Amino acid sequence: MDLGGTNIRVCSVDLHGDSTYNVKKSKMTIPRKLMVTRAGHELFSFIAERVDTFLKTYHPIFLNKSSYPQIISLGLTFSYPVYQSAVNSGILLRWTKGFDIPDIVGQDVCRLLQREIDLRHLPIKVTALVNDAAGTIMSRAYTLPVSSTRTSMGVIFGTGTNCVYLEKLSNIVKPMEGSYDSSTGEMFISTEWGSFDNQLSVLPNTKFDAKLDKVSLNPGDQMFEKRVAGMFLGELLRIIVSEMHTDPEINLFPAYRSNNERKINKNQPALLTRWSVDSSILSVAEADSSDRLGILRAKIEEELGIPSPLVSVEDAQAVKMITHAIGKRAARLAGMAVGAVVLKSQRLHEVKVSTEGYCEKLVDDSDLKTTIGIKADRSGISADQHTIDIAVDGSLIEFYPNFEKYMRQAIRVIEGIGVPGEEKIHIRIAKDGSSVGAAIIALLASQQVMVSSSST
Ligand code: BGC
């Protein structure tokens, strides 16, 4: 079960144990009324209902106790900051990405979901709580051959952003509560870098950033995320472009303005409506390099509500320049953050220079609704021992052209990394990794429970 910033996904994963798996999945956009509400239980009731419907549709046999007496192990991918003191429990610290349900903050989200599942008498136990970035590492690691590299970082550049990396236990100085397995000498750390530099001592801060922060649900918080993640970049563009339109000295979209003056348009266009612009416009603008920017002009109509005949090529060029600045800044900030974690993890000194190139797509199964076999990614086996393997997921890294290129440009100028270090970094997309990774962690967690209960 994967609760992200935009979608809710339920999937069942059949792990074959040889780097391959089958998956069945269903996806739904989270209804807005469940994201901002006083009635917290409604969200978890909705999630449990989705799980119920999924089982009835894809696995009715699991609901028949006499033919299937086992309990199903569920991994909950919950991509919000939590205080996690065990694999199957975590207290929500604060909401991000447009959620605001105050009475869930401070509660154990696994217990809330289990309660709703039990109310429906479903044969399910929530065995793992997983951040999406951690799930992404796990799914990437699972699809790599055992002899190959270890994926040591998982990064999300989607609606929100975060990085989880493997840290040596000996480097963790903070006192840790709860139960954990120390046998490997390592632990995943969820950096929650979305709230890096909330005090803005190093992040760039334009008047447009300040305006966006002011109208957000969490002013003063998630300042890095507000400059890097998909949830905010469309709104940032809208704020800039609307100011350029209303300022008579700049007069962006002049044909639209004079058209409006003649015809008094009662409907407020998306251009002037908060949070109405999807960040996919950035990818379209970056990709359209035609002379007349026809695709971008059509997208401006779709996203900003300005009819494309009223959008001149010059207007579209201006929008393209602004989206480029927003996207490139986001990618370079993202690169800096990745570089900082690479340095912190001290793994650069442990690997030799790789001969391999850039990002490769893993398996693209975006439209998958029914079971299919997924092949393991066996590319780059020979070079893998020489690399820092980073699993990434999210709409920006997947769809924004050049996001990785600009990230790499920034990584290369970081002292202590440089070009040789940057070449050791492999960035691979692990599509839908967060959901599959949660299933892997849920399985491991349920096996641990079985081992510990059989040894007592
Ligand atoms: C959340 C993280 C999450 C990231 C990516 C952020 O808003 O705080 O927990 O991993 O979004 O989904």
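For ligands, and for the atoms within them, numbers begin at 1 and follow the listed sequence. Here the structure is a predicted model, which is why all the values come from computation and not from measurement.
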Requested in this report: Give a yes-or-no answer on whether the side chains of N162 and S79 include a donor-acceptor pair shorter than 3.5 Å.
Outcome: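 No, S79 and N162 have no side-chain donor paired with an acceptor closer than 3.5 Å.
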
Report task. Consider only side-chain N and O atoms of T6 and T159, and report whether a donor and an acceptor are under 3.5 Å apart. Result ->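 Yes, T159 and T6 have a side-chain donor paired with an acceptor closer than 3.5 Å.
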
Query raised in the report: Tell me, which residues have any heavy atom less than 4.0 Å from some atom of ligand 1?
Result: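 Answer by chain and number: S79, Y80, P81, T96, K97, N131, D132, I156, G160, T161, N162, E192, Q222, E225.
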
Query raised in the report: Has R120 got more than 12 heavy atoms of other residues, nucleotides or ligands less than 6.0 Å from its CZ?
Result: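 Yes.
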
Residues [X] and [Y] bridged, charged N to O under 4.0 Å:
| X | Y | value |
| --- | --- | --- |
| K97 | E225 | no |
| K320 | D288 | no |
| E167 | K174 | no |

